[in-house]
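Working notes, structure below.
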Amino acid sequence: MSSTQQIRDQFRTCGYVLLKNYLDTESLATLRDCANKLESMPDKPGKIMKYYELSGCDGSQILNRVEQFSDSFTAVDALLTGGVISELVKLVAGITPSLFKEKINFKMPGGGGFNVHQDAPAFTRFIHDELIVVMIPVDETNHENGCLQVADNFFENKIIPHVGGTVEAAHLSAVTWRSINMNPSDVLVFSSWLLHKSDKNTSSAPRRNYFVTYNDLQHGEMREEYFEFKRINFPPLVEREPGVDYQKWTSKLSKIIL
């Protein structure tokens with residue numbers, strides 16, 4: 001494995017670091033078990049937040065993502081807040097990590113992709129500094145199932161102008177893209193300023209990924225504030241009131257960022 005300094009240098013230069021075979025069998029089993037249970041859990045108001053989308057295959061409603069679940073799974077919370085995942089953030093970014101938000105993108109067969117964006121614009125209501133995102137695949141990620149693609153020759157420590165949740169085209173003409181093919185034991189750490197995108201899942205199997213976001217503890221513990229705001233303004237399906245347009249406050253942001 002590369003030295004800590006080499007890893008940090010790559011992160012600061014490129015905006016991401018891919019670590020192969022990083023997770024041990026026990027940690028991976030814990031995360032996979034959590035994902036399986038979340039998928040089958042019934043929707044309940046005031047509990048775990050489940051979101052849905054329409055399938056690109058047949059137009060049916062399919063699970064899109066699940067959020068705010070770590071405090072319901074003790075073993076997962078231990079990994080994210082004081083275990084191997086939070087320690088990885090400290091190693092790569094050199095910060096004292098505080099869990100900002102956690103979600104699993106399920107990306108079922110027919111599940112949609114997302115346009116080129118940065119995560120940072122979605123969080124400026126809460127923090128204007130860089131956040132660190134850890135992506136942990138539960139399933140293999142590849143071109144067929146819409147793996148993450150990152151800007152491989154462009155990274156700046158700032159927000160790039162967006163229109164409707166997508167980076168303005170004028171900033172993308174010279175960008176080259178790298179497809180991040182991963183196995184479940186791999187981990188990707190990337191900056192909230194990194195440009196990234198993905199295509200839809202054209203395979204016959206789900207492509208489930210954890211996306212765990214951290215802020216530097218010097219800015220405070222912000223997870224509770226973030227999820228309280230989101231539950232009010234963009235609640236899970238089971239909590240929505242008929243006739244209310246929950247998309248209006250997020251019209252300029254990608255559904256995946258949120």
Side-chain angles (χ1 to χ4, degrees), residues 23 27-45 47-73 75-77 79-80 85 99-115 117 119 122 133-149 165 179-188 190 196-213 226-227 230-231 234-240 246-247 250 253-258:
L23 286 181
S27 297
L28 183 58
T30 295
L31 295 170
R32 180 179 287 115
D33 179 65
C34 176
N36 290 339
K37 289 178 178 176
L38 286 170
E39 183 176 349
S40 61
M41 287 175 102
D43 293 27
K44 294 183 179 180
K47 300 293 182 180
I48 291 161
M49 303 168 74
K50 302 184 79 169
Y51 295 87
Y52 297 84
E53 64 179 325
L54 296 180
S55 169
C57 295
D58 58 14
S60 63
Q61 183 173 270
I62 56 176
L63 184 63
N64 174 275
R65 64 191 184 275
V66 180
E67 305 190 20
Q68 198 178 18
F69 53 81
S70 70
D71 40 10
S72 298
F73 291 83
V76 171
D77 190 62
L79 288 174
L80 303 188
I85 306 303
L99 182 62
F100 183 84
K101 64 168 292 186
E102 73 283 354
K103 70 173 179 177
I104 302 175
N105 282 356
F106 278 79
K107 202 151 191 175
M108 299 298 189
F114 50 90
N115 294 329
H117 69 277
D119 284 0
V133 185
V134 182
M135 173 183 165
I136 309 164
V138 178
D139 310 296
E140 180 183 352
T141 76
N142 53 49
H143 178 74
E144 186 180 7
N145 63 24
C147 65
L148 193 75
Q149 299 172 52
S179 293
I180 305 295
N181 297 304
M182 300 173 68
N183 294 314
S185 60
D186 303 336
V187 177
L188 179 74
F190 64 94
H196 57 288
K197 63 178 181 176
S198 80
D199 296 325
K200 71 178 182 180
N201 183 358
T202 60
S203 75
S204 60
R207 190 222 69 182
R208 300 167 295 174
N209 287 300
Y210 283 78
F211 287 89
V212 188
T213 303
Y226 170 80
F227 279 124
K230 181 165 185 177
R231 189 178 291 276
F234 197 68
L237 184 63
V238 72
E239 297 179 22
R240 296 189 179 185
Y246 291 104
Q247 292 286 352
T250 60
L253 297 175
S254 162
K255 65 180 180 180
I256 299 297
I257 300 178
L258 297 168

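What's counted below: heavy atoms across the whole structure, side chains too, no hydrogens, waters or symmetry copies. Owing to the predicted nature of the structure, the values given are computational and were not obtained by experimental measurement.
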**Request:** Taking ring-ring contact (aromatic ring centres under 6.0 Å, His included) as the test, write out the residues that go with Y51, two or more places apart.
**Result:** F234
**Asked** Does F73 reach the side chain of L38, with side-chain heavy atoms less than 4.5 Å apart?
**Response** yes
**Request:** Please list, chain by chain and in numerical order, all residues satisfying side-chain hydrogen bond (donor to acceptor under 3.5 Å, both in side chains) with D199, sequence neighbours excluded.
**Result:** Q149
**Prompt:** So, Q68 side chain and F227 main chain: donor-acceptor pair closer than 3.5 Å or not?
**Reply:** no
**Request:** Of all the heavy-atom pairs spanning L99 and S70, show the shortest one and how long it is.
**Result:** CD2-OG, 3.8 Å
**Message:** I'd like to check the salt bridge (Lys or Arg N to Asp or Glu O under 4.0 Å) partners of E239; sequence neighbours left out, ordered by chain and number.
**Reply:** R231
**Request:** List for me each residue that meets ring-ring contact (aromatic ring centres under 6.0 Å, His included) alongside F106, sequence neighbours excluded, and say none if there are none.
**Result:** none
**Fill in**
So OG1 of T213 and NZ of K103: to nearest 0.5 Å the spacing works out to 7.5 Å
**Item:** N209: side-chain hydrogen bond (donor to acceptor under 3.5 Å, both in side chains) partners, not counting sequence neighbours
**Value:** none
**Item:** Expected output: side-chain N201 to main-chain A205 donor-acceptor under 3.5 Å
**Value:** yes
**Asked** N145 side chain to E140 main-chain N or O, any donor-acceptor pair under 3.5 Å?
**Response** yes
**Message:** I'd like to know if the side chain of K101 and the backbone of Y226 have a donor-acceptor N/O pair within less than 3.5 Å.
**Reply:** no
**Prompt:** Looking at side-chain heavy atoms only, is the closest gap between V133 and F100 below 4.5 Å?
**Reply:** no
**Message:** To the nearest 0.5 Å, what is the distance between CD1 on I104 and CG on N64?
**Reply:** 12.0 Å
**Message:** Quick one: does any side-chain atom of N105 pair with a main-chain N or O of K107 as donor and acceptor, under 3.5 Å?
**Reply:** no
**Message:** Can a donor-acceptor pair be found, under 3.5 Å and without considering hydrogens, that links the side chain of S198 to the backbone of G113?
**Reply:** no
**Asked** Which residues satisfy the salt bridge (Lys or Arg N to Asp or Glu O under 4.0 Å) test with D77, sequence neighbours excluded?
**Response** none
**Asked** What pair of heavy atoms forms the shortest contact from P109 to P206, and how long is it?
**Response** CD-N, 3.9 Å
**Message:** If the condition is side-chain hydrogen bond (donor to acceptor under 3.5 Å, both in side chains), which residues does T141 pass it with, not counting sequence neighbours?
**Reply:** none
**Set of salt bridge (Lys or Arg N to Asp or Glu O under 4.0 Å) partners for K47, sequence neighbours left out** = none
**Message:** R32: which residues meet the side-chain hydrogen bond (donor to acceptor under 3.5 Å, both in side chains) condition with it, sequence neighbours left out?
**Reply:** none
**Request:** Given side chain to side chain contact (heavy atoms under 4.5 Å, CB included), test D119 with H196 step by step and report yes or no.
**Result:** CA-CA 9 Å; D119 284 0; H196 57 288; 3.2 Å; yes
**Fill in**
Interatomic distance, SG@C57 vs CE@M108, rounded to 0.5 Å, equals 12.5 Å
**Item:** side-chain contact (heavy atoms from CB on, under 4.5 Å) partners for S60, two or more places apart
**Value:** S55, D58, I62
**Prompt:** Should H143 and N181 be marked as a side-chain hydrogen bond (donor to acceptor under 3.5 Å, both in side chains) after you check the CA-CA gap, both sets of side-chain angles, and the distance that decides it?
**Reply:** CA-CA 8 Å; H143 178 74; N181 297 304; over 6 Å; no
**Qualifying residues under side-chain contact (heavy atoms from CB on, under 4.5 Å), relative to S72, sequence neighbours excluded** = I48
**Message:** I need the minimum non-hydrogen distance between G111 and E53, along with the two atoms involved.
**Reply:** CA-OE2, 3.5 Å
**Request:** Please answer whether the main-chain N or O of D33 pairs with a side-chain N or O of N36 as donor and acceptor at a distance below 3.5 Å.
**Result:** no
**Item:** Under 3.5 Å: donor-acceptor pair, side chain of E102, backbone of Y210
**Value:** no
**For the student: nearest non-hydrogen atoms of L28 and P137, plus distance** = CD1-O, 4.2 Å
**Request:** Identify, with sequence neighbours excluded, every residue that meets side-chain contact (heavy atoms from CB on, under 4.5 Å) alongside D43.
**Result:** K50, Y52, V238
